[in-house]
Amino acid sequence: MIHISVQQSPIDIAAEMTRAEAAGAGAVATFTGLVRADDGVGTLELEHYPGATEATLLKVAEGGVARWQLSAAIIVHRVGPMHPGERIVFVAATAAHRGAALEACAYLIDRLKTDAPFWKRETRGADAQWVEARDGDHAAAARWEARDGDHAAAARWEARDG
Amino acid sequence: MIHISVQQSPIDIAAEMTRAEAAGAGAVATFTGLVRADDGVGTLELEHYPGATEATLLKVAEGGVARWQLSAAIIVHRVGPMHPGERIVFVAATAAHRGAALEACAYLIDRLKTDAPFWKRETRGADAQWVEARDGDHAAAARWEARDGDHAAAARWEARDG
Amino acid sequence: MAKIRMVYFAWVRERIGTGEEMVEPPASVVTVGDLVDWLAETSSGHAEAFENRSRLRAAIDQDFVPLDTPIGRAQEIAIFPPVTGG
Amino acid sequence: MAKIRMVYFAWVRERIGTGEEMVEPPASVVTVGDLVDWLAETSSGHAEAFENRSRLRAAIDQDFVPLDTPIGRAQEIAIFPPVTGG
């Protein structure tokens with residue numbers, strides 16, 4: 001089961017967990033990203049590339065399902081304006097055993113960070129600023145390719161970042 | 001913030017997530033273990049060692065908080081009889097960044113599996129059976145010690161398993 | 001050459017002043033990089049948006065590509081900063 | 001030697017037929033392993049529960065210990081199978 005959503009509305013964790021658990025397997029790992037409440041941001045705005053976003057998230061989820069034989073992969077990403085403490089992103093991976101669920105969950109969020117066309121703008125007081133991409137995100141995503149021996153894919157990403 | 005609970009009542013994910021998110025950090029990773037609905041189990045019963053269980057879970061949570069500077073660590077474990085699809089265990093790790101949250105979440109559940117005095121009994125039809133410990137659980141827990149270079153702790157666990 | 005729908009996001013969109021436009025580049029424009037060079041001449045906003053090539057990413061018909069990729073028969077080309085989702 | 005509160009869990013408890021009992025081992029019982037040997041003589045249930053030492057784990061005053069640990073001044077000793085939580 002794959003569920004992808006790019007939405008303006010708040011992310012309902014209980015509803016998403018019910019979806020993840022309905023797959024009947026033994027292990028669910030999740031990751032939730034929040035607007036940090038501790039660094040002075042008043043509003044966070046998420047822009048995305050409609051169409052391309054959904055296609056990318058679907059590809060990421062399908063990759064996780066294929067690699068870890070997941071019974072469920074869920075990616076929910078919020079767009080538009082949001083406030084400190086609110087959820088930006090939720091991913092879940094459901095598998096028979098915890099090793100697969102935990103690894104797949106890390107994979108989904110690492111890939112999403114580098115592959116999905118979202119852009120964050122933070123407003124602190126009167127100052128609005130686009131968030132810069134972090135090198136660490138590409139390192140995190142790259143480790144999945146190194147382990148794959150998927151050199152073609154790795155090369156593609158290096159080219160894209162060069 | 002550390003929250004430990006060993007309870008007869010069902011695990012309320014929404015309530016636990018609210019607790020995990022209240023810490024004000026950016027990243028929450030969770031793991032949920034479920035009674036598998038797909039392998040013929042009618043009832044699963046969880047026995048534990050009152051007192052020792054809570055002390056062990058607290059030690060595991062404190063270990064995670066110290067190692068990854070977590071702003072929250074939550075471990076909720078159900079005991080008593082339960083049915084397919086129900087939650088047995090929920091762990092959550094809240095940190096500033098996702099790498100720490102994801103790693104700490106895996107640590108909490110790996111350590112819980114080998115350290116906490118719980119025993120599972122599965123009933124299939126008229127047949128009740130105690131679940132055997134899995135070697136994989138010790139391998140999963142051991143990798144955290146190897147990475148620590150914490151040889152005294154590793155030796156202790158080997159002695160215990162010998 | 002056929003018309004191409006350009007789409008822009010984040011600060012690329014803000015500097016150019018629009019999220020999309022139709023363009024008709026000359027035959028000398030072969031790659032996405034050539035297209036960016038050509039567009040940079042069309043307004044000060046485009047010039048400012050495309051100032052630093054290492055900070056630009058692109059997609060052809062919603063597939064991410066390096067800037068040296070030939071445009072081919074692209075219908076939609078997107079130019080944007082490195083992504084920062086999640 | 002002082003009295004010790006023995007506690008048993010899972011199939012160890014079931015085979016012995018009780019979850020706890022007070023025992024007063026002789027001075028020759030030094031380690032947890034000695035205690036298990038001595039208890040195995042006390043009933044067929046104990047003998048059956050303690051049949052395979054490699055499947056037994058122990059805790060002294062709620063701290064997990066190997067079977068060769070000296071009992072010392074233990075007040076509570078637990079004997080149980082490998083844990084299977086989570």
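Computed from a prediction, not measured in an experiment: that's the story for all the values here. Residue numbers begin at 1 in each chain, while the letters A, B, ... track the order of the sequences.
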* For side-chain contact (heavy atoms from CB on, under 4.5 Å), just list the numbers for Glu54(A) and Tyr49(A), CA-CA rounded to whole Å, side-chain angles, deciding distance to a tenth of an Å, and then say yes or no. => CA-CA 9 Å; Glu54(A) 291 83 352; Tyr49(A) 184 173; over 6 Å; no
* Asked: Most heavy-atom pairs under 4.5 angstrom with chain B, which of Cys105(A), Ala27(A), Ala140(A)?
  -> Ala27(A)
* Structure fact -> Greatest number of non-hydrogen atom pairs under 4.5 angstrom with chain B, of Arg98(A), Arg87(A), Lys113(A), His97(A), falls to Arg98(A)
* Between Ala92(B), Ala23(B), Ala29(B), Ala22(B), which has the largest tally of heavy atom pairs under 4.5 Å with chain A? -> Ala29(B)
* What part of Ile13(B) lies closer than 4.5 angstrom to a heavy atom of chain A: side chain, backbone, both or neither? -> side chain
* So which part of Asp110(B) gets closer than 4.5 Å to some heavy atom of chain A, the side chain, the backbone, both or neither? -> both
* Does Thr94(B) reach the main-chain N or O of Ala20(B) with its side chain, forming a donor-acceptor pair under 3.5 Å? -> yes
* Which atom of Arg124(A) lies closest to which atom of Gly40(A), heavy atoms considered -> CG-O, 3.3 Å
* Asked: Would you call the rings of His77(B) and Phe118(B) parallel, tilted or perpendicular if under 30° counts as parallel and over 60° as perpendicular?
  -> parallel
* Step by step, would you call Leu34(B) with Glu21(A) a side-chain contact (heavy atoms from CB on, under 4.5 Å)? -> CA-CA 8 Å; Leu34(B) 305 164; Glu21(A) 292 175 354; 3.8 Å; yes
* Where does Leu102(A) contact chain B at under 4.5 Å (heavy atoms): side chain, backbone, both or neither? -> side chain
